[in-house]
Amino acid sequence: MTTGTERAPKEEASGRRTWLRDHSELGVCVLLLALGVLVLTDALTMDVDIAQRGPVGPRTVPVAVGAGLLVIAALLAVDVLRGGRGRAEGGEDVDLSEPADWRTVLLLSGIFLGAAVLIEPAGFPVAGALLFWGAAFALGSRRVDRDPLIAAVLSLLTYAVFDKLLGVPLPGGPLMGVL
């Protein structure tokens, strides 16, 4: 036979877990708060030349975004603590009872990490082509005759637009002299 004092810690832990589960949206609030603090800290510690100062300087947008993130985090926290709950999104083509496809998620994550590692030594055109081709494969395309060609064209086109037209330097890798 158990006494009330022996059951209290288990019930308290269960009650705490239930409260946290019912208020899980507070995790998003914490993430937004941390992101807002990071953006504000980064913006306010930015070195700005005296010639760059003015009513709208390089700090203006990051400070506004950081402050907006803090306000949104606070408003969301108040809403959650007052009983507001997010509803599961329903859609015609989404079966919410099916489990997540972790194989695809892991494949895409690996492809993104591989492209990030390869971008400096191999250059954007090669890493981008592997990224586009790998993402198409992970998402179900098995057209080996067409997908690599489309990936190469997309990657080269993206490189040309950003590097040549917009002036955003991207690493060219071994193709630097050719392009």
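Residue numbers count from 1 along this sequence. The figures here come from the full heavy-atom set of this structure, side chains too, leaving out hydrogens, waters and symmetry mates.
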L40 vs L70, test: side chain to side chain contact (heavy atoms under 4.5 Å, CB included). Steps then yes/no. CA-CA 9 Å; L40 278 176; L70 293 179; 3.3 Å; yes
Calculate, to the nearest 0.5 Å, the distance between atoms [atom1] and [atom2] belonging to [X] and [Y] respectively.
X: I111; Y: L106; atom1: CD1; atom2: CG; value: 11.0 Å
X: L81; Y: C29; atom1: CG; atom2: SG; value: 7.5 Å
X: D79; Y: L26; atom1: CG; atom2: CG; value: 10.0 Å

With side chains defined as the heavy atoms from C-beta onward, is the minimum distance between D163 and V168 less than 4.5 Å?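 With C-beta onward as the side chain, the pair stays apart.
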Is the shortest heavy-atom distance from the side chain of P62 to the side chain of V65 under 4.5 Å?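 Side chain of P62 against side chain of V65, heavy atoms only: no contact under 4.5 Å found.
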For residues 118-144, dump all side-chain donor-acceptor pairs below 3.5 Å to protein atoms at least two apart in sequence or in another chain.
residue	atom	partner	partner atom	Å
S141	OG	D147	OD1	3.4
S141	OG	D147	OD2	2.5
R142	NH1	F137	O	2.5
R143	NE	D145	OD1	3.2
R143	NH2	D145	OD2	3.2

If hydrophobic clusters are built from ILVMFWY residues whose side chains come within less than 4.5 Å, do [X] and [Y] share one?
X: L31; Y: V71; answer: no
X: L32; Y: V78; answer: no
X: V117; Y: L113; answer: no
X: V39; Y: I72; answer: yes
X: L44; Y: V37; answer: yes

If a pair satisfies side chain to side chain donor-acceptor pair (under 3.5 Å) and one of its residues is in residues 101-116, list it, with sequence neighbours excluded.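 Matches after skipping sequence neighbours: D101-T104.
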What residues form a side chain to side chain donor-acceptor pair (under 3.5 Å) with T158, not counting sequence neighbours? none
For [X] versus [Y], what's the shortest heavy-atom pair and its separation?
X: L33; Y: A73; value: N-CB, 3.8 Å
X: R59; Y: M46; value: NH2-O, 2.5 Å
X: E25; Y: V80; value: CB-CG2, 3.5 Å

